[in-house]
Amino acid sequence: MTSEQIANTGSVTADHGSIQTHAQTQPRQNDSVKGCPSERKCGLRWRPAMLHPASLRVLLPWLTSIIGIAFALCLVIAWFPSTVWNMPIVSSDAPAHYYFIRRLLDEGLGAALHLWPHNSFYPPLFHVCAYFVIKIAALFGVQCSIYVAFNITWIIASGVIFPSGMLVLCRYFLQRWNRGNPISRISQASSTSESSSVSESSNVLNQRVSSAVNRQYNATFDATFVLRNLIGLFVPVLAVSSVCHPYGLLNAGPLIAFGFATSLLPFLIAATLRLFDAIAAREHIVKWLAITAIAGVVCLVAHPRIAFTYALILVPFIVLRLPWKLILGVFIAMCVGAVAFVALMLTSFKSDRWANPASWFHSHQPSKNLWESISFCFTDGLDGFPAILFALLLIAGTVAAFVCASRRAAMRSADSLSGAVSTATPDFSADADALASDTAVSAPDVSPVSTSGLPAASCSDAADVSLSASSEPSRPRRNDRLRDVIALTAAFLLVTLVYVCTVTLVGALPNIISAPWYRDENRIMTMLPLVALPLLVIGVNALSECVSVCAASASFAPSASSFSTKNSASSSSSVPSLSSASAVSSVRNVSFASNWIGPIAAFLVIAILAVSAQIVCPSRTAARDTIIAHSSLNQGDPNEQLTEQKITVLRKVTERTGTQATIISDPLNGSMYADTLFNANMLYPIINARTDVPSAPFGKVEAAFASGDGQQVLGTVCSLTDAPEYFLTMGDQAQSLQSFPYRAQYDSFHNEELIDAYVDGGTLVKVADYSQYGQGWALYRFGCAD
């Protein structure tokens with residue numbers, strides 16, 4: 001390329017994300033004569049007009065977000081079991097959560113700091129939200145039961161908060177990936193090659209091609225903008241497509257508080273990453289520090305143990321994106337927190353196995369082999385064809401993201417070196433001066449031109465994106481793409497490691513690694529969407545770039561070859577044989593291929609994944625069926641937690657005792673549900689009535705009842721309240737609660753010989769017999785002088 005050709009083509013200057021040439025002045029004047037007031041308005045006729053109004057650019061992200069979240073909410077509602085709107089979920093943790101909501105209703109918000117029956121702290125945010133659902137409904141004259149409020153809160157958290165948080169998190173990474181005003185290297189190279197090959201006598205052709213290049217650049221920006229919003233449309237749907245979260249936790253326990261904290265966690269992660277950006281740019285640090293602190297407090301109030309998930313995912317980002325002094329400070333804080341956690345566990349849970357980690361979780365059994373656990377992570381817990389497609393996109397997209405990010409890092413290094421050389425030797429060459437000028441203003445890079453006149457490009461050139469400081473509130477750092485890809489991949493591998501240790505491996509090391517999550521598969525599964533979905537989104541974006549570049553290369557080659565042949569044939573003439581219309585048409589064709597083929601392909605593959613995940617979902621269906629079975633009263637075992645007979649007996653008992661009298665019973669026989677079903681005052685409203693808390697009456701009552709001493713029993717029980725005290729027997733403990741580790745503490749409450757002895761001694765007086773519903777079922781009153 002000669003200096004004369006460069007002068008004819010016009011040098012590239014950056015003007016707020018657009019490309020302008022010195023040759024554009026004349027076309028604008030010509031357009032005004034033809035009735036077109038400006039080149040920009042003429043361009044709107046060729047470009048998709050719907051994409052350019054400023055109002056639509058603002059509304060489109062909101063519109064796609066609302067549609068995507070609405071779809072996600074509909075999916076969660078459609079999945080939700082209808083049987084639990086009037087009946088409780090019959091499981092291990094469910095009675096406690098229902099009791100916590102009832103206690104807030106009885107005692108007010110002041111009880112939020114001591115929800116346990118023995119007045120110790122339990123994370124209250126979910127239950128406070130359910131409390132407000134009941135109070136708000138009452139303002140409109142609607143009576144909302146505890147079960148309805150529980151379900152509405154879970155649906156809002158799972159169908160609105162979680163997909164919204166995942167959308168915020170994924171769009172954060174997309175914004176960093178597409179930071180600045182993007183343009184395809186091949187498209188820019190093709191237009192530069194064509195326009196620079198035209199002789200000085202064809203100034204009109206130069207003007208038209210330059211105008212087409214400007215339009216092509218804006219179309220590229222539109223393609224990236226549309227792709228970001230199309231992917232955002234499906235992120236909320238994919239967030240609620242996996243059984244990992246939120247469905248698994250509703251079935252396991254349910255683990256409501258931890259699930260609520262997990263639904264809030266994406267907001268905290270996104271705020272923390274924004275804080276890292278602010279620290280790197282040295283601006284808005286206080287703002288994002290305050291936002292992160294508020295989000296962190298909210299998550300901790302939801303469930304403090306979510307801090308382990310947060311730390312595990314953030315560790316790679318801390319290492320790659322913070323200054324070393326802050327990295328050291330963060331890790332010191334983590335070590336202090338780990339020591340405090342160990343001290344809390346040692347003081348709260350007495351055990352003689354602390355010094356032998358291999359004996360921890362001794363009852364835990366592996367549930368998957370190594371291949372099953374690894375494949376579960378790479379498929380994000382999906383099933384069948386959606387699982388295979390998700391894994392393929394995740395792997396291929398991660399590879400493509402590494403290639404694109406590494407290529408861009410290499411090109412930036414080369415540009416920086418070229419700029420330094422041209423600054424040191426200003427007389428190097430006209431070409432070097434032009435390229436150095438392009439680099440200095442952060443304009444899109446131009447691929448080198450080969451001797452045949454074709455741009456030297458390949459699929460690995462994958463859309464180098466320029467960095468424009470004016471397009472971001474914080475100053476971009478070098479290699480942001482590569483840092484994000486490495487950090488996301490590392491976070492995904494860390495989560496995979498913890499999951500494999502939990503469900504497959506045994507021994508001291510797996511116990512230590514998974515201990516913060518109680519070595520519980522259901523808690524660890526919730527981490528997978530938090531890392532897999534952002535990595536998938538980045539990967540699909542990178543694959544879109546690769547597809548666009550390959551399509552542009554294929555579409556440009558014929559037109560460039562034709563142009564080179566015709567130009568060679570007419571080399572003796574001062575006018576090129578290629579018409580201006582043909583040249584502009586060539587640029588337009590390349591523009592469409594390089595800008596829209598990739599987004600269209602990305603849209604199709606993500607749409608297929610999202611739709612198929614709703615069609616093939618046996619894991620989610622199985623979780624729903626399990627919950628329906630748990631909430632059914634038609635149980636084959638009469639000793640299960642709730643049956644039709646037990647519902648009848650609990651109703652009769654409450655009618656006889658009233659809601660103020662204290663009722664003592666073995667909670668593992670299902671009697672605890674009378675607390676929220678019929679507002680009975682059960683001494684044991686949950687199955688985990690701790691006996692190691694001095695302020696709790698449980699230990700004293702259990703020890704007295706097991707002693708066989710009637711006087712000790714009356715002395716302990718009669719002082720509980722001023723109201724009468726009753727004792728209820730409803731058979732043995734339910735088989736579904738046999739995994740409860742402290743079930744033996746209630747054995748005395750269904751010891752028939754001990755109960756008969758207390759009846760004979762006058763300690764217990766039978767007031768109602770329910771033997772027609774079950775053998776030995778009866779209601780007794782303690783012989784207190786009241």
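Sequential numbering from 1 along the given sequence is applied to the chain's residues. Because the structure is a prediction, the values reported are computed rather than measured.
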Open item on the list: Could you walk me through whether Ile256 and Leu250 satisfy the side chain to side chain contact (heavy atoms under 4.5 Å, CB included) test, starting with their C-alpha distance in whole Å, then the side-chain angles of each, then the deciding distance to 0.1 Å, before giving a yes or no?
Closed with: CA-CA 7 Å; Ile256 292 299; Leu250 187 62; 3.9 Å; yes

How about [X] and [Y]: are their ring centroids closer than 6.0 Å?
{"X": "Tyr247", "Y": "Trp79", "value": "yes"}
{"X": "Phe390", "Y": "Phe378", "value": "no"}
{"X": "Phe603", "Y": "Phe234", "value": "yes"}
{"X": "Phe100", "Y": "Phe126", "value": "no"}
{"X": "Phe740", "Y": "Tyr742", "value": "yes"}

Task: Contact summary for Pro386 and Leu609, nearest pair of heavy atoms - done: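 Shortest heavy-atom contact: O-CD1, 3.5 Å.
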
TODO: For Phe80 and Val84, work out which heavy atoms get closest and say how close.
DONE: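 Taking every non-hydrogen atom into account, CE2-CG2, 3.4 Å.
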
Task: Matching residue for Trp517 among Asn522, Thr309, Thr526 - test: side chain to side chain donor-acceptor pair (under 3.5 Å) - done: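 Of all the options given, the one that passes is Thr309.
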
TODO: Please answer whether the main-chain N or O of Glu372 pairs with a side-chain N or O of Ser375 as donor and acceptor at a distance below 3.5 Å.
DONE: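 Confirmed, Ser375 side chain pairs with Glu372 backbone.
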
TODO: Decide salt bridge (Lys or Arg N to Asp or Glu O under 4.0 Å) for Lys646 and Glu640; before the verdict, give the C-alpha distance in whole Å, the side-chain angles of both, and the deciding distance to 0.1 Å.
DONE: CA-CA 9 Å; Lys646 288 188 176 182; Glu640 261 309 324; over 6 Å; no

- [ ] Would you mind listing every ring-ring contact (aromatic ring centres under 6.0 Å, His included) that reaches into residues 299-320, with sequence neighbours excluded?
- [x]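 Residue pairs with at least one partner in residues 299-320: Phe173-Phe317, Phe258-His303, Phe308-Phe341.
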
